[in-house]
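Below is one structure, written out as structure tokens; the observations come after it.
So you know, we letter chains A, B, ... as the sequences are listed, proteins then strands, and number each from 1.
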Amino acid sequence: MRYDFSAAEKKWPEKWEGLGASMQADADAKSASPPRDKKFFMHFAYPGISGYQHVGHMRGFSYTDIICRYKRMTGHSVFFPIGTHATGNQALGFASKVKKKDKTWLDYLEANGYPMNEIKKMESVDTVVDYFNKNYQENWRLFGFLADFNSFTCTTYPEYQKFIQWQFRKLNGLGLLVQKPYYATFCPNCGPVAVDPSETDISRGGTAEKHEYTLLKFKLGSDYIVAATLRPETVFGQTNLWADPCQEYVKVKVGNETWICSPQCAEKLSFQKEGVKTIAKTSGSELIGLKALAPGVDREIPILPSKFVDPNVGTGLVTSVPSDAPYDWMALHDLQKEGKHKDIKVIPIIKSRGWGDTAALRICGQMKIKDQNDPRLEDATKEIYKSGFHTGVMNENCGEYAGMPVERAKDQVKEWLISENKADIMYDLSEEVVCRCGGHVVVKLIPDAWFINYADEELTLKSKGHAEGMDIMPGQYKENIEGVLDWFQERACARLGNWLGTPLPFDEKWTIEPISDSTLYPAFYVVSRFVNNGELKTEDLTEEFFDYVFLAKGKGRPAWDKVRKEFDYWYPVDINLGGKEHQTVHFPVYIMNHVAILPADKWPRGIFVNYWIVGKGGKISKSKGGASASPQEAAKRFSVDGLRLYYAHVGSPHTDIEWDEDTAFSYKSHIEGIYSLVHRFKGFDKASSPMDAWLVSRFNTRLKQYTKAMEKYDLRTAVGSMLFDFQRELAWYEKRGGNSKAAKAIVMDWLKCLTPFIPFVAEECWEMLGCKGLVSTQEIPAADETKIDARAELAEEITRSVEQDILHVIRLAKIQPKKITLFVAPAWKRTAWEKARSLGRKTLMPELMKLPELKSKEGAAFAGFLQKKFHELRDIPGEAEEKEALETAAGYLSGKFNSKVEVVLASASKPPKSKNAVPGKPAILVE
RNA sequence: GCGGGGGUACCAAAGUGGACAAAUGGGAUGCGUUUAGGGCGCAUUGGCUUAGUGCCUUCGAGAGUUCGAAUCUCUUCCCCCGCACCA
């Protein structure tokens, strides 16, 4: 009898329809809602619309369903809502790549089965969002999730945006929104653009970084020459300035000063300073030979010619610090080779590890750099910058900064120079960035950008205090989260420019940024169900509505009471599950927004961080993995149950797992094994046999372990014990000839326990056994401690292990056993064992070591063994019970091997001296 | 650099003071078999050795604590992630 995976996967979701529904108002009609302490609200962090999902994504989602199914089957009412996150620029980028007819993008869509004759549609971002909203939900249904699909919402829906606007009014009311200057990447034609590796807004330069330059102002007559530097602390080593003799320079009015810089720089400055105006032209050749007053050292230094200065970088003028800047050193070196400026001496200023106090000279020598045109100067500069910054210390040439680490001196020197009006600040990009429109991206000062003030002391303190009491998994993240909450400072929460998102309610030219609009959203899931079923319209979602429902403020209306009741019933969230990428972004703001806005009894209770499934040597790449890693394709090959079991069991949820198809297949075959096992047990109908006591006891022991693990959300341990271990025990029962009706009943209970993990095959087996209804709606039984029979377990344990040992010996020795001897533990072990049962865990070791028999090395090891087994000790029967167990085993073995079986003490003169002879596990001799 | 995580056998991955040459799965090898859809079952899988045993070597490297260390401490090497407006 073969198990038909695909038939089951098609059949059961239809029968499960509606099981995920969670409206308590509906439940009221049928039966009373479970009490509030039996409610369970769990969701996964809604995924961003970024493209097709793959097997890795389904991992965390599946955990959510497994846990929710378990809760539902243990008497809880469960709210498991779903949604997606489409704001930001990912979906937008997707559409624009289709529009650009980006080859890899089109191939990717095709590989994932998108109907290419409708490709045109995907040029619209709305279609992209709709398409993936549907696609993701299909995946979740395919994987058998009993989610509340009626709760579905998406961050671009108008009702969601109403909610976000309410949230931002609240934040503003609490004084948590602040405006301050921000330097944004900006296209003169399109406005602000995102510069990130995905290159959604731009066509080139995604890896560019935004650098803060210090503009050093060199007095030259009534004007200032400005030179940009990333290393203001090196002013003490300045020897000269560099200008390109072939370049144009300009004089610009900045405020009431006149600065000299490259025309490109003047353009950039115009975005960052008030009243910038070019008033005259000059040139490199005019500047060369002049002397200017160097800031910081107040010394006249000459302007010298060089070739490496780039008018596009900084100001197009460079201050020269030959001791620490390889370019400067080589340019100076080039001049001095021609016999010029021999009088300029390198001034050592920083001592760093490995490079001494003239780092630039050393590294150029070491790398054998010949002149200032050598491209390797770039690497040399990076290296010196890194080691200088992290390990450098200012030396005696640096005035009051002598002895200070560079790391600190850098900011202090900068502040000092600025306060003396000898320096200024300018931002620039590390490489050229070109906008999608072809415009040149610059950095623009936004004087009044909006930030959420996560640095607020009270909020941080309250959040940390609350996090302490939360159920945060894994523990390492829990220990960590306090630091993360502390680290959170003001965070820009709105942007100008082209984004999907909600307009900031009181300043609508701003669009709320995508992290900030996904912090409080679990609360909205309660509301979205009412929007989806038509009971609420978008226009009903007023400020008063949300105040009434979420904050119990105001008068409200009768229609709102129902919503508020739901909210009070479900909130707070019991578990928010999300991938490890959320640890420093989503989870902290999730906590802080709840703490800021909602009353304390609505603050979240738990966080579960799941790690990733990774491909060999890195992420499963959506573009690379293609269709073979898609959830649909994977479900076909490995089965849904197989994948769910794989996720739950293959490793800890809190560690990355390497995706391996062979392993996934093995889980699939395991599912088949379960099916055929149940099929065999189906016919069991005999009266109880002596084996039944054992099986019942084993099951209850497993059930106890399972329940304990599940309550801690330790899915791996639960399924390991209940599915894998108990399956083996069922097989042993069968092998020993058990075939009772009672065993069949155990299998039914067993199936219930497996249902959260492998619901499809569980339903199929449930039906096969002729049970009524759906196994998904059954109650998982509680372990019955009174059914745990240590004697029965011991007898079978001994029988099973001894049988295996004998088989092993027979195979190796190739003999037909005539006589089998079982050696029970020597008296001293038995004594220690009995004594250990009466001791506490802490006192066990010292007390045992007092026994003279345990003084030997072997004795100490045995004591250690007892300590480790401590928790099992009280389950292990005493001497009389063991004797009885051994007799049972002897009876079975003599029949099985058709030989005499004798039980003797291991202290008798015969072998073995084995450590194997311990209470509960005899050593053997086969003759 | 700072912060966090990690390094276990052929590959993955359990394992936080004892009985651990180290679960489980994959792969490989062997045996059996009445083999539809990636057959199924059993065994072996650090070295030498015995039927059961014993010894040696091994959990990145080195040192230490301990009667006893994959596990605790220190030093060191290597890998991964985060460092902010990016989901």
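Ring orientation note: the planes of A:Tyr521 and A:His586 are tilted relative to one another, at an angle of 30° to 60°. Between A:Phe5 and A:Tyr3, the two ring planes are perpendicular [angle over 60°; tilted spans 30° to 60°]. Between A:Tyr667 and A:Tyr646, the angle of the ring planes goes over 60°, which puts this pair in the perpendicular group of the 30/60° scheme.
Residue contacts shown for A:Gln489 include a base, since a base heavy atom lies under 4.0 Å away. A:Trp450 comes within contact range of no nucleotide atom at all, as no heavy-atom separation falls under 4.0 Å. A:Asp662 comes within contact range of at least one nucleobase, with a heavy-atom separation under 4.0 Å.
Of the candidate nucleotides B:C85, B:G27, B:C83, B:C83 has the atom lying nearest to any side-chain atom of A:Trp487. With B:A14, B:C40, B:C85 as the choices, the nucleotide that has an atom nearest any side-chain atom of A:Ser669 turns out to be B:C40. Closest contact between the side chain of A:Ser652 and the listed nucleotides B:A14, B:G5, B:A87 involves B:A14. Closest to the side chain of A:Gln476, from the set B:G5, B:U24, B:G26, is B:G5. The side chain of A:Thr663 has B:G25 as its nearest neighbour among B:G25, B:C85, B:U24. Picking from B:A14, B:C85, B:G26 the nucleotide with the shortest atom distance to the side chain of A:Asp660 gives B:G26. For A:Ala860, the listed nucleotide lying nearest its side chain is B:C67; candidates were B:C85, B:C67, B:A19. For A:Glu513, taking side-chain heavy atoms from C-beta onward, the closest of the listed nucleotides B:A87, B:A19, B:G26 is B:A87. Between B:A12, B:A84, B:A87, one nucleotide has an atom nearer to the side chain of A:Glu658 than all others, and that is B:A12. Proximity note for A:Arg491 (side chain, C-beta onward) versus B:A13, B:A84, B:A87: the nearest is B:A84.
Between the C1' atoms of B:U53 and B:A14, the separation comes to 28 Å (whole Å). Nucleotides B:C80 and B:G60 have their C1' atoms positioned 15 Å apart, rounded to a whole Å. The separation of B:C20 from B:G15, taken at their P atoms, amounts to 15 Å, rounded to a whole angstrom.
Look at B:U44: its Watson-Crick or wobble partner, with both distances under 3.5 angstrom, is B:A28. Pairing partner, B:A70: none, since no Watson-Crick or wobble contact has both distances short of 3.5 Å. Here B:C20 sits opposite no nucleotide as a Watson-Crick or G-U wobble pair (both hydrogen-bonding atom distances under 3.5 Å).
A:Thr155 and A:Asp517 share no side-chain donor-acceptor pair at under 3.5 Å.
Projected onto RNA chain B by closest heavy-atom contact, A:Asp656 and A:His649 fall at different nucleotides, the more 5' of which corresponds to A:Asp656.
The aromatic ring centres of A:Phe44 and A:Tyr46 sit 6.0 Å or more apart.
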